[in-house]
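So that the names make sense, note that chain A is the first sequence line, chain B the second, and so on, each numbered from 1.
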Amino acid sequence: MDFTFNEEQYFFQQTLKDFLTDNVTPASIRRRWDSDDGFDQDAWRSLCELGTSATQIPEDCGGLGLRFDDIIMMIQACGQAALPEPLVEHSFIAAPLLAQLHASQPSERVADILAAMASGEAMVLTASMINPYVNFAHSATHVLLQFGDDLHLIDSKDCTLTHVTSVDRSRRLAEVKCQPNGTTCLTNGRLGSELWQATLNRGALANAAQLLGLAETLVQMAVKHASDREQFGKPVGVNQAVKHLLADCAVKIEFAKPVVYRAAYTLAVAPNRADWAVSHAKVSATEAAQLAARHCIQVFGAMGYTWECDVHIWAKRVWALANEWGDVGFHKNRIHEWLVQPKALLGPEFTFGRRNIRDVEHID
Amino acid sequence: MELIYTPQQQDFRMEIRDWLREHVPTDKLASFDTAEGFAAHREWEKTLASGNWGMVTWPEAYGGRGCDLIEWLIFEEEYYRAGAPLRVNQNGIFLLGPTLMEYGTPAQKERFISAMASGQEMWAQGWSEPGAGSDMAAIRCRADRDGDDFIINGQKIWSTRAVFADWVFGLFRSDPSSSRHHGLSFILVPLNAPGVTVRPIPQLNGLPGFAEIFFDDVRVSAENLIGGEGEGWSIAMSTAGFERGLMLRSPARFQQASKKLVELYRERRNDILDLSIEDAVVKCYMDAEAYALSTYQTASRLQQGAKIGPESSCNKIYWSELDIKIHETALSLLGAHAEVEQSDAPDQSVVSAWLDGFLFSQSGPIYAGTNEIQRNIIAERLLGLPRR
């Protein structure tokens with residue numbers, strides 16, 4: 001029993017964090033807002049060169065073959081920086097979906113696309129039925145489309161995009177329409193169903209980890225502002241009313257972290273038995289991030305309600321990610337369905353399943 | 001990260017489970033805030049000690065088993081799973097014990113720890129005074145040095161379990177010219193010493209769980225001083241750290257309560273009209289599990305040499321508010337029956353247990369440092385907001 005990250009895992013996170021701190025600033029994010037495609041090609045190329053796009057790709061396809069718990073803090077770092085580019089969607093949602101397919105049903109076609117994803121030559125995004133829109137579909141080379149239990153790989157040239165405008169200007173959403181057929185289909189049936197179930201869980205958990213990171217930055221911004229801004233001759237942050245707003249956020253964040261990390265571990269060792277852990281993570285992280293957004297704006301006062309103040313870069317991402325890959329209602333409902341099952345393993349001795357997480361009995 | 005119990009840990013779990021199955025009393029013991037209940041709980045502590053289960057993390061020389069923190073969590077999980085009696089000596093084993101391990105002399109450990117682990121001596125705590133609650137540095141109760149003794153004068157209040165306990169530990173002002181957190185000493189005082197008067201204070205449930213303690217020229221040997229004279233504040237702070245940090249309220253307590261809540265909900269969910277109850281039940285179960293995961297994470301970190309820090313103040317807020325939520329939700333599920341303390345109804349014991357737990361949960365955000373104080377600590381020491 002060891003619930004800590006190792007040095008290598010911290011190193012991956014720190015490397016990405018350092019890059020994002022230097023290269024993804026509020027000013028550069030606002031420049032993306034003013035551009036047509038909202039996409040910084042240089043940043044994307046550098047992220048791929050760092051190896052981030054290769055982490056979830058098997059070693060025999062030119063990747064690093066890391067587990068989801070190895071990279072969960074990298075996703076958190078993307079949230080901390082409010083990174084606009086769809087690194088999470090490409091590297092941590094689409095790539096593991098194809099890697100999982102490749103593990104059970106190897107093919108040259110999938111191996112090729114995985115290799116192209118690792119190098120950054122291909123950018124692949126996922127169009128799951130749970131989400132009405134795909135973020136940055138216009139920048140993708142391919143889309144992985146869910147059609148019932150079918151999994152299709154579709155060239156983005158064959159997709160029709162209908163753009164919509166998100167409240168979060170960093171997100172570039174489009175409805176994706178295309179004609180799946182026998183040649184685009186990678187798999188279907190039971191395997192397809194399993195892949196999409198695991199993908200929903202990865203998507204929800206990836207959002208949870210980003211929400212955690214967003215919440216952390218929001219609290220840091222609020223702390224800095226409350227320490228600098230003076231009223232009545234002293235920093236506003238000396239007042240308990242302000243302190244307690246932020247302490248409440250810290251408590252929510254502290255207790256969402258282990259839930260997110262446990263879910264990452266569960267996804268790594270038992271991707272199709274992770275519903276409970278993932279839903280718990282999505283709910284906890286969403287609540288923490290929504291509170292952080294709300295309280296951060298409050299601490300900034302009128303400035304927090306302006307376009308000029310950078311708080312909304314993070315707050316709006318929270319509001320967007322909160323409802324993607326299943327909203328809180330969807331995830332609470334999954335937990336509720338499980339709790340009312342007579343066979344659910346409840347009680348203190350079952351935190352990690354019967355003997356370990358792999359043994360958890362589930363809805364299936 | 002590997003969230004799997006080793007075979008040794010699984011064997012350990014089964015060993016506890018088997019022992020508890022044989023030894024846990026079938027009938028619920030009376031409240032330990034009654035004379036009869038206190039005696040019964042003291043007997044249970046002796047039974048636990050006879051199996052070397054008094055405090056598993058302590059060295060074998062002191063009646064423990066030298067367990068690590070993960071094994072301690074496993075022990076707690078089995079303990080609450082079995083519905084074993086609450087620990088009447090929690091002031092001793094969870095608070096004073098760890099302090100003695102760190103700051104006690106070999107003679108003090110020898111004298112006090114084994115007697116604590118074996119259920120021979122029960123402990124009360126003496127922090128608060130009429131003028132020193134959240135502001136504990138305002139302590140005035142004096143301990144004047146007189147040769148090899150201290151002479152204690154003054155008053156302590158809100159001393160949990162002091163009505164029936166044998167000893168009290170607490171902070172006393174040993175340097176009369178000092179102020180605030182300087183000049184305080186951590187001293188152990190036998191409650192049967194001449195000059196000690198203990199006056200019960202009924203708690204919310206009408207039972208004397210609290211006491212005031214009056215000290216009138218009470219003579220205590222300086223052998224009962226823990227750490228150096230005047231070093232009491234930092235020693236007490238380490239005790240407070242244990243209290244809200246890890247030991248006082250293990251997650252199993254809330255996981256067991258939330259399991260019972262889910263069971264109650266399953267029985268009654270077809271009759272409830274309040275749509276928020278479903279949400280509350282889900283939330284309670286999730287939060288109890290989150291507290292468990294957080295504790296496993298902290299335990300893993302501590303085993304790798306990390307130290308417990310200001311983030312421990314988050315624990316205190318989290319479990320105390322969770323406890324209230326669990327019991328409020330249960331009372332909502334029980335509806336109009338929830339207020340009944342005593343009746344001949346067949347399920348009265350169920351109602352009584354929830355009502356009793358609900359009353360007790362009201363104290364959670366107050367004891368061990370109010371949640372408002374914890375929020376200040378989080379804001380200043382964890383987040384770095386300015387003090388003034």
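Side-chain contact annotation: A:Thr351 with B:Glu289, donor-acceptor N/O pair under 3.5 Å absent. If you check the side chains of A:Thr4 and B:Gln304, you find a donor sitting under 3.5 Å from an acceptor. A side-chain N or O of B:Asn376 and one of A:His244 form a donor-acceptor pair less than 3.5 Å apart.
The closest donor-acceptor contact from the side chain of A:Arg262 to the backbone of B:Ser294 lies at 3.5 Å or more, if one exists at all.
Among B:Arg17, B:Glu311, B:Glu77, B:Glu263, the residue making the largest number of heavy-atom pairs under 4.5 Å with chain A is B:Glu77. For the options B:Leu293, B:Val281, B:Ile378, heavy-atom pairs under 4.5 Å to chain A are most numerous at B:Leu293. Taking chain B as the reference chain and counting heavy-atom pairs below 4.5 Å, the highest number among A:Asp248, A:Val238, A:Asn239 is found for A:Val238. Between chain A and the residues B:Ala257, B:Ala290, B:Ala288, the most heavy-atom pairs under 4.5 angstrom are made by B:Ala290.
The shortest non-hydrogen separation linking B:Ala379 to A:Ala247 is N-CB, 4.5 Å. Minimum heavy-atom separation, B:Cys314 to A:Phe255: O-CE1, 3.6 Å. For the residue pair A:Ala250 and B:Leu383, the shortest heavy atom distance occurs at CB-CD2, 4.1 Å. For the residue pair B:Pro386 and A:Ser227, the shortest heavy atom distance occurs at CD-OG, 3.6 Å. A pairwise comparison of heavy atoms in A:Leu339 and B:Val262 identifies O-CG1, 3.7 Å as the closest pair.
In this structure the side chain of A:Tyr265 reaches within 4.5 angstrom of the side chain of B:Glu2, judged on heavy atoms. Side chains of B:Thr295 and A:Phe3 form no contact here, defined as non-hydrogen atoms less than 4.5 Å apart. With a 4.5 Å cut-off on side-chain heavy atoms, A:Met1 and B:Leu3 count as touching.
One finds a salt bridge joining B:Lys283 and A:Glu287 here, because a Lys/Arg side-chain nitrogen approaches an Asp/Glu carboxylate oxygen to under 4.0 Å. The pair B:Arg13-A:Glu349 does not meet the salt-bridge criterion, since no charged nitrogen lies less than 4.0 angstrom from a carboxylate oxygen.
Both the backbone and the side chain of A:Lys243 come within contact range of chain B, judged by heavy atoms closer than 4.5 Å. For B:Gln297, the parts lying near chain A are the backbone and the side chain together; criterion is any non-hydrogen pair under 4.5 Å. Heavy atoms closer than 4.5 Å to chain A are found in the side chain of B:Arg266, but not in its backbone. When heavy atoms are compared at a cutoff of 4.5 Å, B:Arg253 does not approach chain A at all. Interface residue B:Gln256: backbone and side-chain heavy atoms are both found under 4.5 Å from chain A. Contact annotation for A:Asn6: neither backbone nor side-chain heavy atoms come within less than 4.5 Å of a heavy atom of chain B. Heavy atoms closer than 4.5 Å to chain A are found in the side chain of B:Glu380, but not in its backbone. Of the two parts of A:Lys224, neither the backbone nor the side chain holds a non-hydrogen atom closer than 4.5 Å to a non-hydrogen atom of chain B. Proximity to chain A (any heavy atom under 4.5 Å) is shown, for B:Phe254, by neither the backbone nor the side chain.
Counting non-hydrogen atoms of neighbouring residues, nucleotides and ligands closer than 6.0 angstrom, the CZ atom of A:Arg294 reaches no more than 12 such neighbours.
Taken from CD1 in A:Ile253 to CG in B:Leu382, the straight-line distance is 9.5 Å, to the nearest 0.5 Å. Between the CE atom of B:Met286 and the CD1 atom of A:Ile335 there is a distance of 5.0 Å, given to the nearest 0.5 Å. Annotation: the span from B:Asp279 atom CG to A:Asn333 atom CG amounts to 11.0 Å, rounded to 0.5 Å. Rounded to the nearest 0.5 Å, atoms CG (A:Leu346) and NZ (B:Lys260) are 13.0 Å apart.
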task: Please step through side chain to side chain donor-acceptor pair (under 3.5 Å) for the pair A:Glu254 and B:Tyr318, ending with a clear verdict.
output: CA-CA 10 Å; A:Glu254 274 309 305; B:Tyr318 200 77; over 6 Å; no
task: Might you work through the side-chain contact (heavy atoms from CB on, under 4.5 Å) test for B:Arg269 and A:Val340, ending with a clear yes or no?
output: CA-CA 10 Å; B:Arg269 73 184 180 112; A:Val340 296; 3.8 Å; yes
- request: Evaluate the criterion salt bridge (Lys or Arg N to Asp or Glu O under 4.0 Å) for residue pair A:Lys332 and B:Glu278; output intermediate values, then yes/no.
  value: CA-CA 10 Å; A:Lys332 277 190 181 166; B:Glu278 174 180 319; over 6 Å; no
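Using cut-offs of 30° and 60° on the angle between ring planes, the pair B:Tyr285 and A:Trp276 is perpendicular.
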